[in-house]
Amino acid sequence: MHIEQLYTNCLAEAAYFIESDGEVAIVDPIRDTDIYIAKAAERNAKIKYIFETHFHADFISGHLELAAKTGATIVFGPLADTKFAKHTANDGEIFKLGEVQIKVLHTPGHTPESSCFLLIDEKGKDYALFTGDTLFVGDVGRPDLLDGKMSKEELASMLYDSLNNKILPLNDDVLLYPAHGPGSACGKNIGKETWSTLGVQRMTNYALQPQTRENFIKSVTEGLSAAPAYFFSDARINKEGYNSLDQVLNASMVALSASEFKQKINAGCLVLDTRSPDDFEKGYIDGAVNIGLNGTYAVWVGALIDINKPLVILCDEGKEHESIVRLARVGYENVRGFLNGGIKSWSDAGYPVAQIASIDPTDFNKYIDRGFHILDVRKPGELQAGYVKNAVNVPLNNMNGIETKLNKSDKIMVHCAGGYRSMIAVSLLKNAGYTDLVNVRGGFAKIRENGADIDMN
């Protein structure tokens with residue numbers, strides 16, 4: 001028996017490769033499926049099953065693509081109604097995979113069809129549980145993603161039963177393999193590890209502590225931030241079906257000259273600049289939004305840009321394919337091409353290049369003395385470590401409506417924890433008409449080190 005976690009940092013997502021005696025099961029694959037096919041070939045094995053824990057909301061799953069390429073059977077748990085061929089398993093149904101077995105545990109709560117898959121080893125022992133978004137390290141899946149079809153309280157009540165009746169009765173040494181790690185918006189506060197054991201989670205996970213149904217519902221529903229709008233589109237796509245990644249790439253990988261790129265902008269396309277914040281500040285196309293490939297790129301695109309908005313890509317040369325594939329992973333397929341030759345081709349054609357004013361934290365207090373307001377775009381939980389006195393906090397994920405509590409005529413310094421999010425915020429504000437903006441390099445830790453006046457909650 002061989003188990004491998006295949007973690008995609010950009011999505012904070014974990015898929016799983018399980019092999020026994022030449023047969024393979026893949027749990028929750030991402031859309032670009034070549035890695036699974038290559039691993040099966042390495043092990044001289046055949047992909048037999050594709051297990052989906054639920055209709056994922058935060059990424060496009062690779063179930064259809066992988067099934068088309070390998071002939072594997074797609075398996076969902078009970079209540080999964082789809083528009084494509086698949087096997088809908090019964091609660092408790094067992095699938096044989098080489099010398100091991102995989103048992104379906106229907107665990108509604110995150111969504112009604114959510115199911116976990118219990119791996120039973122060659123000796124008949126419960127070995128590992130693939131929990132999807134039902135149970136994370138330190139957290140559980142949020143119960144508010146059904147877009148009004150069921151209340152979060154109804155789903156939380158179902159989750160309470162699922163945890164207590166299906167998962168907690170298992171032995172402490174059962175390995176827990178969730179679908180997400182830290183940074184995912186599918187949980188409220190997911191822990192740093194990407195796997196655990198039931199015993200450890202029984203002791204440390206707030207949701208697994210002995211408590212009444214009422215207290216559980218309250219604890220898992222309070223403090224939830226708004227789900228990114230694209231979640232509902234992705235869940236629908238995963239349920240109804242989608243075009244192959246090859247089709248998406250054929251339509252999107254279009255090299256545009258500077259003049260063609262400008263025509264696309266004039267026709268309403270948004271420039272998505274995927275370069276690093278340092279490169280963006282030195283020269284960018286007016287109106288562009290900077291979300292760099294060097295961070296959780298696809299997640300922030302999903303949080304901040306309308307999934308139906310037509311896009312054109314400006315990136316470092318050689319990064320066109322990556323920029324487009326990572327968008328496709330979260331269902332963004334409306335890419336009309338990329339700027340051939342990057343920002344240099346734009347400037348060489350005589351088109352204007354704008355710049356972002358950025359400062360080092362050593363100059364932070366000087367700018368306060370000059371009357372600059374401070375905009376902190378970190379998450380509320382990050383403020384527990386301290387925040388600059390008189391700063392206005394607007395978490396980046398809340399900025400798609402550009403509600404900063406500040407005026408467009410104000411002089412504003414923007415910072416986050418390290419500099420990635422603050423540049424995204426500055427680009428969004430510039431796009432919305434704010435003019436007197438300064439980005440602070442290095443983020444809060446560097447600001448603190450350089451003597452800023454810090455308050456604590």
Side-chain angles (χ1 to χ4, degrees), residues 1 3 14-21 23-30 33 36 40 45-57 60-68 70-122 124-135 140-141 145-146 150 155 158-159 161-170 174-179 198 235-241:
M1 178 176 66
I3 303 172
Y16 295 92
F17 181 99
I18 310 164
E19 187 266 330
S20 175
D21 197 25
E23 294 185 338
V24 174
I26 305 295
V27 181
D28 292 337
I30 62 170
T33 58
Y36 314 116
K46 179 176 173 57
I47 299 175
K48 183 178 182 180
Y49 296 117
I50 303 158
F51 288 102
E52 287 286 337
T53 55
H54 64 295
F55 297 125
H56 301 282
I60 303 302
S61 179
H63 53 302
L64 292 178
E65 191 119 355
L66 192 55
T70 66
T73 300
I74 300 169
V75 179
F76 278 88
L79 306 183
D81 182 23
T82 69
K83 292 188 176 181
F84 50 82
K86 56 94 174 58
H87 179 88
T88 303
N90 296 316
D91 187 25
E93 186 171 347
I94 291 177
F95 295 82
K96 193 173 187 310
L97 185 78
E99 299 300 315
V100 303
Q101 299 178 87
I102 296 175
K103 183 178 181 179
V104 178
L105 303 182
H106 185 212
T107 51
H110 175 62
T111 61
E113 80 285 351
S114 285
S115 296
C116 298
F117 300 107
L118 179 63
L119 177 63
I120 303 167
D121 70 15
E122 298 91 340
K125 183 179 184 298
D126 294 346
Y127 183 82
L129 187 68
F130 300 88
T131 57
D133 288 18
T134 295
L135 177 61
V140 290
L145 299 182
L146 280 200
M150 291 182 71
L155 283 164
M158 296 169 71
L159 184 57
D161 288 330
S162 294
L163 295 171
N164 284 282
N165 299 335
K166 297 290 183 67
I167 294 179
L168 283 172
L170 299 172
V174 170
L175 299 171
L176 292 185
Y177 289 126
L198 182 55
R236 175 185 53 77
I237 292 168
N238 280 322
K239 184 176 183 178
E240 295 180 357

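Values reported hereafter were calculated over all heavy atoms of this structure, with side chains retained and with hydrogens, waters and symmetry mates removed. Source: prediction; values computed, not measured.
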Where the side chain of [X] meets the backbone of [Y], is there a donor-acceptor pair that is under 3.5 Å apart?
| X | Y | answer |
| --- | --- | --- |
| K239 | G241 | no |
| E240 | K83 | no |
| S20 | E99 | yes |
| S162 | P108 | yes |
| E113 | F55 | yes |

Taking the side chain as every heavy atom from C-beta outward, state whether [X] and [Y] have any pair of such atoms under 4.5 Å apart.
| X | Y | answer |
| --- | --- | --- |
| I26 | F17 | yes |
| M158 | M150 | yes |
| H87 | I74 | no |
| P112 | L155 | yes |
| V27 | I18 | yes |
| F130 | I3 | yes |
| V75 | F95 | yes |
| I167 | C116 | yes |

Nearest-0.5 Å distance, [atom1] of residue [X] to [atom2] of residue [Y]:
| X | Y | atom1 | atom2 | result |
| --- | --- | --- | --- | --- |
| N165 | H106 | CG | NE2 | 13.0 Å |
| I30 | I60 | CD1 | CD1 | 12.0 Å |
| L129 | K103 | CG | NZ | 11.0 Å |
| Y36 | L66 | OH | CG | 8.0 Å |
| D91 | K166 | CG | NZ | 3.5 Å |
| H63 | E52 | NE2 | CD | 5.5 Å |

Checking side-chain contact (heavy atoms from CB on, under 4.5 Å) for the pair V24/K48: CA distance, chi angles, key distance, verdict? CA-CA 6 Å; V24 174; K48 183 178 182 180; over 6 Å; no

Check whether more than 12 heavy atoms from other residues, nucleotides or ligands sit under 6.0 Å from atom OH of Y127, and answer yes or no. no

In terms of heavy-atom contacts, does NZ of K86 have more than 12 from other residues, nucleotides or ligands at under 6.0 Å? yes

Looking at every non-hydrogen atom in both residues, tell me the closest pair between [X] and [Y] and how far apart they are.
| X | Y | result |
| --- | --- | --- |
| D28 | A15 | O-CB, 3.2 Å |
| G77 | V104 | CA-CG1, 4.4 Å |
| H56 | T53 | CE1-OG1, 3.7 Å |
| I102 | A25 | CD1-CB, 4.1 Å |
| A67 | A72 | CB-O, 3.6 Å |
| A80 | T88 | O-OG1, 3.8 Å |

Going through the distances and angles, do L118 and L170 end up as a side-chain contact (heavy atoms from CB on, under 4.5 Å)? CA-CA 10 Å; L118 179 63; L170 299 172; 4.2 Å; yes

According to salt bridge (charged side-chain N to carboxylate O under 4.0 Å, His left out), does anything in residues 125-134 pair up with another residue at least two apart or in another chain? List the pairs. K125-D173

Using the benzene-type ring in the case of Trp, are the ring centres of Y16 and F117 under 6.0 Å apart? no

Under the side-chain contact (heavy atoms from CB on, under 4.5 Å) test against V140, which residue among T131, L163, T134 passes? L163

Residues two or more places apart in sequence or in another chain: which of them pass salt bridge (Lys or Arg N to Asp or Glu O under 4.0 Å) with D121? none

For the residue pair N238 / S61, report whether a side-chain donor-acceptor contact shorter than 3.5 Å exists. no

Hey, can you tell me if F84 and F76 have their rings parallel, tilted or perpendicular (30° and 60° cut-offs)? tilted

